[in-house]
Amino acid sequence: MARPHAHVLAVCGHESANGAALRRLAGPGTGVVTGGRELARALAARPAGQDVVVVPMTLGRDLELVADAARTVRGLPPESRRGVAVARPFGTAEHLIGWLRAAATTVPADAALLVTAPAGDPYEDAELYRVARLVRCYGRHRLVETAFVGGDPDPVEGVRRCALLGARRIALLPASFTPVPRPSAIDGVRVLDAGPMLSPAALAAVLAARVADAVRLLREGEDDGVDRALGAAHGHGLGHTHGPGEGHTHTHGPGADHHHHHGSGEDRSHGHSPQAHTYVHSPTPPPHTRPVASAGARSHP
């Protein structure tokens, strides 16, 4: 007898206002929860015998959300953990760059782009600066600035900075699931809305792809994704800094292994698939050594 479709738990953090931006978009069979206790309660309440897929709803900045979801699943009793899988994150930083580039194609070339997202920790915010820089490098807009809702600079300050740099039209480009409140326009400056980054249909398609992949791995390969997700935040922040003389080499190719050689003599390696290539460490290789998603990524998972 075929097993029933898996129930989906979309685990949300600050990139979606703790789920508020996604609840109206969640379809049947999808629950929107925050991590920790709320996720644990939702897992405990699942129907008997039904598989559950936990999808960390990050766009590549909130790596701790991924690891925290895995820790919650790992902490379940063995009988409750059976049939539970942690999917790959909704998006990676590379997906985010591609989706932003696609969204930017709708913005007039003479307008400035203000890439905006909820503030996170210093390393998440630094990652958004990197993302915005690559959007500029591979796009057609001369001026691309960054602003943080609830952070510094905020969107109001971001608009002011763009105006001081000569922009007469400024497009707010959300790099999150949440809409960006439009700041008051400055005299002689028009503020445009370039969002949402992903349409509801595109969002649903990406989510479905993550769930389908997780279900396949769980049912065919007996891989629940927990171990992979636990390591998602490895190297995020100060824990991955290197002192003078400490070796750090990276070798990449389609489907190639990714090796880290640390000064302590420890060698860590893990595999990458071309479909899900996530970078979680700093410093970052120069842009010319990194594959960047094409503008078509807006309609592809």
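All values below come from the heavy atoms of this structure, side chains included, with hydrogens, waters and symmetry mates left out. The residues of the chain are indexed from 1 along the displayed sequence.
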Review point. Under the side chain to side chain contact (heavy atoms under 4.5 Å, CB included) criterion, do Thr34 and Val11 qualify, and how do the steps go?
Key: CA-CA 5 Å; Thr34 56; Val11 184; 6.0 Å; no
Point to revise | Residues Arg82, Asp224: salt bridge by 4.0 Å N-O rule | key: no
Review point. Which word best sums up how the rings of Phe90 and Phe177 line up, parallel for under 30°, tilted for 30 to 60°, or perpendicular for over 60°?
Key: perpendicular
Practice item. Kindly indicate, with the supporting measurements, whether the criterion side chain to side chain contact (heavy atoms under 4.5 Å, CB included) is fulfilled by Asp187 and Val189. Key: CA-CA 6 Å; Asp187 289 343; Val189 176; over 6 Å; no
Review point. Is any side-chain N of the basic residue among Arg41 and Glu38 closer than 4.0 Å to the acidic one's carboxylate O?
Key: no
Check your understanding: For Leu114 and Cys162, which heavy atoms make the closest approach, and how far apart are they?
Key -> CD1-SG, 4.4 Å
Review point. Quick one: do Val86 and Leu217 end up in the same hydrophobic cluster if we chain Ile, Leu, Val, Met, Phe, Trp and Tyr together by side-chain heavy atoms under 4.5 Å apart?
Key: no
Practice item. Identify whether the distance between the nearest side-chain nitrogen and carboxylate oxygen of Asp213 and Arg216 falls below 4.0 Å. Key: yes
Practice item. Compare every heavy atom of Thr178 with every heavy atom of Ser176, then report the nearest pair and how far apart it is. Key: OG-OG1, 2.9 Å
Review point. Salt-bridged, Arg133 to Glu127, with N to O below 4.0 Å?
Key: no
Check your understanding: Distance from Arg228 atom CZ to Arg88 atom CZ, nearest 0.5 Å?
Key -> 4.5 Å
Check your understanding: Is Asp110 paired with Arg168 through a side-chain N to carboxylate O contact shorter than 4.0 Å?
Key -> no
**Study point:** Min side-chain heavy-atom separation Leu22-Leu203 under 4.5 Å
**Key:** yes
Practice item. Compare every heavy atom of Met57 with every heavy atom of Glu15, then report the nearest pair and how far apart it is. Key: OE1-O, 4.0 Å
Practice item. Find out whether His141 and Val107 are in side-chain contact, i.e. whether some heavy atom of one side chain is under 4.5 Å from a heavy atom of the other. Key: yes
Check your understanding: Is atom CZ of Arg169 surrounded by more than 12 heavy atoms (other residues, nucleotides or ligands) closer than 6.0 Å?
Key -> yes
Review point. Would you say Val115 and Leu165 are hydrophobically clustered, going by side-chain heavy atoms of ILVMFWY under 4.5 Å?
Key: no
**Study point:** Interatomic spacing from OH in Tyr129 to CD in Glu124 - rounded to 0.5 Å
**Key:** 14.0 Å
Point to revise | Side chain Arg136, main chain Val131, donor-acceptor under 3.5 Å | key: no
Review point. Do you know which two heavy atoms are closest between Ala70 and Ala229, and how far apart they sit?
Key: CB-CB, 3.5 Å
Review point. Counting N and O atoms only, with roles assigned by atom type, does the side chain of His7 sit under 3.5 Å from a partner on the main chain of Gly29, one being a donor and the other an acceptor?
Key: yes
Review point. Does the side chain of Asp51 reach to within under 4.5 Å of the side chain of Arg219, using non-hydrogen atoms?
Key: yes
Exercise for review: Please answer whether the main-chain N or O of Gly31 pairs with a side-chain N or O of Arg23 as donor and acceptor at a distance below 3.5 Å.
Suggested key: no
Review point. What is the minimum heavy-atom distance between Leu172 and Val180, and which atoms define it?
Key: CD1-CG1, 4.1 Å
**Study point:** Straight-line distance of Trp99 CH2 to Leu198 CG, nearest 0.5 Å
**Key:** 5.5 Å
Point to revise | Asp125 side chain to Gly120 backbone, donor-acceptor under 3.5 Å | key: yes
**Study point:** CG-CG distance between Leu230 and Asp68, expressed to the nearest 0.5 angstrom
**Key:** 10.0 Å
**Study point:** Among Val32, Asn18, Val33, Leu39, the one residue meeting side chain to side chain contact (heavy atoms under 4.5 Å, CB included) with Cys12
**Key:** Val32
Check your understanding: If only atom types and distance count, is the side chain of Arg140 paired as donor or acceptor with the main-chain N or O of Thr105 below 3.5 Å?
Key -> yes
Review point. Can Asp193 and Arg182 be said to form a side chain to side chain contact (heavy atoms under 4.5 Å, CB included), step by step?
Key: CA-CA 8 Å; Asp193 187 357; Arg182 185 181 299 187; 3.3 Å; yes
Check your understanding: Which heavy atom of Ile170 sits nearest a heavy atom of Ala167, and at what distance?
Key -> CG1-CB, 3.9 Å
**Study point:** Donor-acceptor under 3.5 Å (Thr58 side chain, Asp62 main chain)
**Key:** yes
Review point. What is the distance from atom OG1 of Thr30 to atom CG of Leu25, rounded to the nearest 0.5 Å?
Key: 11.0 Å
Review point. With hydrophobic residues grouped by side-chain heavy-atom distances under 4.5 Å, do Val215 and Leu207 end up in a single group?
Key: yes
Exercise for review: Nearest 0.5 Å please: distance from the CZ atom of Arg81 over to the CZ atom of Arg74.
Suggested key: 8.0 Å
